[in-house]
Structures are given as C-alpha cells and as structure tokens.
Amino acid sequence: LVGNSLRQNDALRVVPCIGIGSYGGLQYRIRSEIRRRAGKADEDDKTGDDDKLADLQPYHTHFAFVSKTMADKTKLRGTKAFACELQWRENMEHWLGIPRVMIFVNGGKGAIDAAQRAYVKKCPIV
C-alpha cells in the first residue's frame with residue numbers, strides 16, 4: 001500500500017520505503033533465495049504453509065529482516081515469527097532519529113499489538 005503510493009507519487013524515488021519484517025515469517029521460497037544469494041547452504045527448515053506467510057511487498061526500496069531465536073536456540077518460523085521485529089524496529093528508529101508514522105492496515109493481532117506499542121510511544125497512527 002505505502003510502497004505503491006510512493007511509486008505513483010514520488011517519481012524520483014526521493015523518499016525511501018523500507019520494509020522491515022520477520023525473517024522467519026517470510027515464505028520459504030524467499031528465505032531460500034536470500035540464503036542462496038548470501039552463499040549459504042539452504043539449511044532453512046520449511047515450516048508452515050507459504051500461503052499464510054509473508055511475501056515481499058513490491059515497490060519497497062530496501063528491506064531489513066530480523067531473525068529471532070528462542071532461549072533454547074529454536075528459530076521462530078512461520079506465523080509464530082510475525083511481529084518479532086517490533087522491538088528491533090523501535091530501537092533502530094530511536095537510535096537513528098527516524099521519524100515514524102504507524103499505518104494501521106490489516107487489523108490482525110500483530111497489527112493491533114504494533115498500534116498499541118506505537119500509541120504508548122506517542123507515534124502518530126493513521
């Protein structure tokens with residue numbers, strides 16, 4: 001939604017659109033391609049139904065993915081990995097002084113949790 005709006009209204013691509021998400025919540029085919037491009041063996045486990053997992057959003061200029069490992073070294077994969085990037089994102093935005101606006105779109109539990117966190121931090125919510 002945001003990336004497409006920027007593509008239509010920012011022809012020079014002056015405003016970056018950075019997608020930040022959970023590595024484990026990405027579809028298996030995307031995780032596999034990331035590992036291949038990084039020169040790593042495809043040791044990633046195929047967990048979950050790709051239809052329920054995240055695809056890359058078109059028109060983003062950059063992506064950053066956060067990988068979460070539990071205390072027992074089990075990597076979060078599938079829908080359990082959704083929203084594990086929220087604390088990392090908040091820390092990065094604070095450290096870099098990046099202005100932020102929360103765009104509330106889908107209304108799922110992860111979006112509601114993110115909106116609540118944004119509200120507590122006095123982040124504007126649209």
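These values consider heavy atoms only, across backbone and side chains, with no hydrogens, waters or symmetry-generated copies. Remember, predicted model here, so these are calculated numbers, not experimental data.
With respect to Arg29 and Glu33, no salt bridge is recorded, no charged nitrogen being found less than 4.0 Å from a carboxylate O.
No path of Ile, Leu, Val, Met, Phe, Trp and Tyr side chains, each step under 4.5 Å between heavy atoms, connects Val120 with Ile125, placing them in separate hydrophobic clusters.
Considering every non-hydrogen atom in both Cys17 and Tyr59, the closest pair reads CB-O, 4.3 Å.
In this view, Phe63 and Leu56, His60, Phe65 satisfy the side-chain contact (heavy atoms from CB on, under 4.5 Å) rule, not counting sequence neighbours.
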